[in-house]
Amino acid sequence: MTMRHLLPVLLAPWLLTAALANPYETTLDNGLRIIVKEDNRAPTAVHMVWYRIGSMDEVDGTSGVAHVLEHMMFKGTPSVGPGEFNKRVAAAGGRDNAFTSRDYTAYFQQIPKEKLDEMMQLEADRMRHLTVDPKEFAQEIKVVMEERRMRTDDNPQSKLFEQMNAAAFQAHPYRRPIIGWMSDLETMTAADAKAWYDTWYVPNNAYVVVSGDVKHQEVFALAKKHYGALPSRDLPPRKAQVEPRQEGTRKLTVKAPAELPVLIMGYKAPIIRDPKTDQDPYALQILAAILDGHDAARFNKKLVREDKVALSAGIDYDNTARGPGMLFLYGSPSEGRSVDDLEAALRAEIKRIQETGVSETELKRTKAQLVAGQVYKLDSMFGQAMEVGQMEAVGLHWKDVDVMLAKLQQVSAADVQAVAKKYFNDDALTIGILDPQPLDGKPRRPGVAIRH
Amino acid sequence: MKPLLTAIFALFISHAAQAGVAIEHWTTANGARVHFVAARSLPMLDVQIDFAAGSMFDPADKAGLAALTRGILDLGAAERDETLISEQLADLGAVLGGGADTDRASVTLRTLSAKDKLEPALAILRDILRQPRFDAAILEREKTRTITSLKEAMTRPDSIAGKAFWEALYPQHPYGRQASPESVATLSRADLLGFHQRLYTAGNASITLVGDLSRQQAEQIAAQLSTALPNGAAPTLPPPPAPAKATSQALAHPASQAHIYLGMPSIERGHPDYFPLLVGNYTLGGGGFVSRLVKEVRDKRGFAYSVYSYFAPLRQTGPFQIGLQTQRKQAGEAIKVVREVLGDFVNKGPSEEELVAAKANLSGSFPLRLDSNSKLLANVAAIAFYSLPLDYLDQYQAKVQAVTAGDVKAAFSRHVRPADLVTVTVAAD
């Protein structure tokens, strides 16, 4: 992000040299955008290729294909053999990986800065020339199934969250898990993965983010050299899939081996579509920070420390996404307290804001944390590239980060109270409960005695 | 509380071409060792104070004492209660952190370096060092929370496997001792006060500073932090762990995947065989996607999403460990493959091509290990805590490059004996 907005706050002369036009961007003739964040603190660079394609673009029956294709992207092209991509990055002293979300799929290498040329050559090659070999696919799909077992099937919290999404969303594809349903993985074919690649992996559906000790003109030139010749292609139309208005509380239970119950209360919530004119998503973000932004924020102070009704309690709200938004309250009740007790306590904290609002001190504290966070985030080269990439992935512009920070600073106590009244609506609520089961299937024995 | 993976690095000063870390080192008047790296590009400071006060110092019948003492340390100090500490730090945009592992207990503070932020944040940190309250009501609350968390952990296959693995590796040594609901229930305020008084002292502390400070400022800050601590000396270490005996445990669990750990106690920090083992392990299971274990277990057979090996040198003999998760019905087959890969590597060592690739990556990726203040802090704090040479970082790439295939083979034969491996599986059919 740029640093203009920080100058009045910090009056820090060190910012001036780097601040002027950084990041820099250009667009190649084939539609590929290149965004460069110069940071010369260390002789390293991060190279990322982001595709505007995620699990929300999948269709029923092939859920998980975006992520499976991400795995297949390491399985070779006519000029780079299976596994060779990783080998070449490693030989360059680099580290590489990739990630798939509901909204996007991204690939990255962290490298000594002089290796950027070679990384771009490799990424450009697999942007166009991937081989989806059925034998490689047959092995890799097993790896993905193991990944699903590890991340979801054997993880009670993940399973609960998967079920929450499946219940909260009915028409919108956010109802499907990113990793895919197991039966879809079992029936997936190499042809499914290849079709996905052929449809979506084109330069006009991608952008490149580079951060580090680089000169933007040189990065632009390298990008043109490697990515410039790749042809663009029209993308299929993406039809809007609008989630109908929820008209009543939904409730679900997941039984799994565990000690503690987990409660998640998910409310439909707004997303930033126009960073300049939107208001509510900013106020909700501040509300979340006041409830859960530090160890003595309201949830931890009241529910965990004072009333001891919760072992832990928190709030999760992301106000940027391609699809619809949700705000989650979650926690585990303390031993001897029930999920109902915890639900009542979480509701009471929301009610407190609805009725008496938040203090100026709390508001100021949250904003001070935001300002400090803007400095701390500059410590990570990877984090800076991620921020640019994620902004772009949800349909915003990296420059909007400045607007969004300014808007957050403008949120008032009245704004916070207003969104507390508006969005915590039972008709838009989905409640998920993890009902813990003993490991051996037998009834629980009384636990160890605890002296109070 | 997985022991930190070893990896130590250097600072590349902004705009300077050569590798090299300007670590400045001194000792305060009351005996705290200080390490300082000036990093003036960003207006922020990171402080880490490490004490030899990890779980290895838990008395035999009081497992969990080190973790609980560190956990409560910053929940109320001098005039401030736990709420005021959190609120005032948040008002300053400062972040307090830390924790306890087997060897150390750490307190960290990240703050802006502007004077009106830095000074009040450091004042809070000094009070935490000088006069933690160990309030009885907070102790009871945190004991209850810890006990509940331990019970929860004991329903998870990875935690169950990890606990059994460390107990099997270190049957007679504190590294094998694990906090349990029962042991935590016995901990009293007097236990915490005693542990704190004995180990949270200037003579047992290393202070690491990375950030926007002059040497003079750093000296002043270190002196003030050190003065806040009582005088005292480093503790005597327990007798070193005995060599492992091969054992095998299979624990039941309803999970869909088996969790599998193999390993043995191997080397301590600063051991001369460290670099040959590091380079060799890159080929075996440390080099991510390009390691032999990943190729054989994941790529060729699709047995696992994650499979790895590493050495975790600790103050005393730390473990060599291999880990993976696989569908429960194929656990036996996966273990067989792992053992074949390991046996072959120990017998023959890396090929020339593998050795070159390992060195190219470990040496070439060196700058990535120090390209932020937080990475620098972690690495310099480790040098400080384990008393590694100040030029450790400067020597790192040369030491990697000097390793031969013969060195790798010899070091593995000394520290990884396949016949002596401890094996733990959870949820295997």
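A note on names: the letters A, B, ... follow the listed sequences, proteins ahead of strands, and every chain is numbered from 1.
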Counting heavy-atom pairs under 4.5 Å with chain B, the top scorer among A/Asp96, A/Thr44, A/Asp154 is A/Asp154
Would A/Lys308 and B/Arg145 count as a side chain to side chain contact (heavy atoms under 4.5 Å, CB included) if you check the C-alpha gap in whole Å, the side-chain angles of each, and the deciding distance to 0.1 Å?
CA-CA 9 Å; A/Lys308 302 180 185 70; B/Arg145 293 182 69 213; over 6 Å; no
Chain A contact via B/Leu75 - which portion, at a heavy-atom distance below 4.5 Å
side chain
Are A/Glu146 and B/Gln257 packed together at the side-chain level, in the sense that at least one heavy-atom pair is separated by less than 4.5 angstrom?
yes
Atom CE in A/Met150, atom CG in B/Leu324: separation rounded to 0.5 Å?
11.5 Å
B/Glu333 atom CD, neighbour heavy-atom count above 12 within 6.0 Å:
no
Portion of A/Ala90 that has a non-hydrogen atom of chain B nearer than 4.5 angstrom
both
Closest heavy-atom pair, A/Ala368 versus B/Ala90, reported as atoms and distance to 0.1 Å, is CB-O, 4.1 Å
Within this structure, what is the CD-CG distance for the pair A/Glu259 and B/Leu150, rounded to the nearest 0.5 Å?
10.5 Å
Can you tell me which of B/Asp158, B/Val184, B/Thr111, B/Leu96 forms the most heavy-atom pairs within a distance under 4.5 Å of chain A?
B/Thr111
I'd like to verify something: which residue of B/His253, B/Arg141, B/Met44, B/Gln325 has the highest number of heavy-atom pairs under 4.5 Å with chain A?
B/Arg141
Counting heavy-atom pairs under 4.5 angstrom with chain B, the leader among A/Asn97, A/Asp153, A/Val144, A/Thr366 is A/Asn97
Please flag which part of B/Gln88 lies under 4.5 Å from any non-hydrogen atom of chain A: side chain, backbone, both or neither.
neither
Heavy-atom closest pair, residues B/Met154 and A/Leu439
O-CD1, 4.0 Å
Main chain of A/Gly94, side chain of B/Asn361: is a donor-acceptor contact present, judged purely on distance under 3.5 Å?
yes
Pick from B/Ala358, B/Ala360, B/Ser372 with the largest number of heavy-atom pairs that fall under 4.5 Å of chain A:
B/Ser372
Validation row: A/Leu311, B/Ser149 side chains within 4.5 angstrom (heavy atoms):
yes
Heavy-atom pairs under 4.5 Å with chain A - which of B/Ser256, B/Gly93, B/Pro157, B/Gly287 has more of them than the others?
B/Ser256
Examine distances only and state if a side-chain atom of A/Asp379 and a backbone atom of B/Asn373 form a donor-acceptor pair shorter than 3.5 Å.
yes
Engaged part of A/Glu140 at the chain B interface, taking heavy atoms whose separation is under 4.5 Å
side chain
Main-chain N/O of A/Leu260 paired with B/Glu152 side-chain donor or acceptor, under 3.5 Å:
yes
Quick one: does B/Pro43's side chain get under 4.5 Å of A/Val375's, heavy atoms only?
yes
Using a 4.5 angstrom heavy-atom cutoff, name the option from B/Arg156, B/Lys300, B/Arg110 with the most pairs to chain A.
B/Arg110
So do the side chains of A/Lys364 and B/Asp91 get within less than 4.5 Å of each other, counting heavy atoms only?
no
Taken to the nearest 0.5 Å, the spacing of A/Asp295 CG from B/Glu87 CD works out to 11.0 Å
Taking 4.0 angstrom as the limit, do A/Lys301 and B/Glu82 come out as a salt bridge?
no
Residues B/Ser41 and A/Arg41: closest non-hydrogen pair is CB-CD, 3.6 Å
Considering only heavy atoms, which portion of A/Asn155 lies under 4.5 Å from any heavy atom of chain B: side chain, backbone, both, or neither?
neither
B/Tyr282 versus chain A, heavy atoms under 4.5 Å apart: side chain, backbone, both or neither?
side chain
State, yes or no, whether a side-chain contact exists between A/Lys75 and B/Asp299 at a heavy-atom distance under 4.5 Å.
yes
Taking atom NZ of A/Lys113 and atom CG of B/Leu368, what is their separation to the nearest 0.5 Å?
13.0 Å
Quick one: of A/Met145, A/Lys87, A/Arg305, who has the most non-hydrogen atom pairs under 4.5 Å with chain B?
A/Arg305
Tell me, out of A/Arg151, A/Arg148, A/Glu362, A/Lys135, who's got the most heavy-atom pairs with chain B below 4.5 Å.
A/Arg151
Looking at B/Ser374, B/Ala114, B/Ala427, B/Ala357, which one has more heavy-atom pairs under 4.5 Å with chain A than the rest?
B/Ser374
In terms of heavy-atom proximity below 4.5 Å to chain B, should A/Ile141 be classed as side chain, backbone, both, or neither?
neither
Side chain, backbone, both or neither: which part of B/Lys295 has a non-hydrogen atom closer than 4.5 Å to chain A?
neither
Does the B/Tyr305 side chain pair with the main chain of A/Arg149, one donor and one acceptor, at a distance under 3.5 Å?
no
Check each atom of A/Tyr376 against the heavy atoms of chain B and say whether the ones under 4.5 Å are side chain, backbone, both or neither.
both
Report which part of B/Ala304 has an atom under 4.5 Å of a heavy atom belonging to chain A: side chain, backbone, both, or neither.
backbone
Roughly how far, to the nearest 0.5 Å, is CD of A/Gln369 from CG of B/Leu89?
10.0 Å
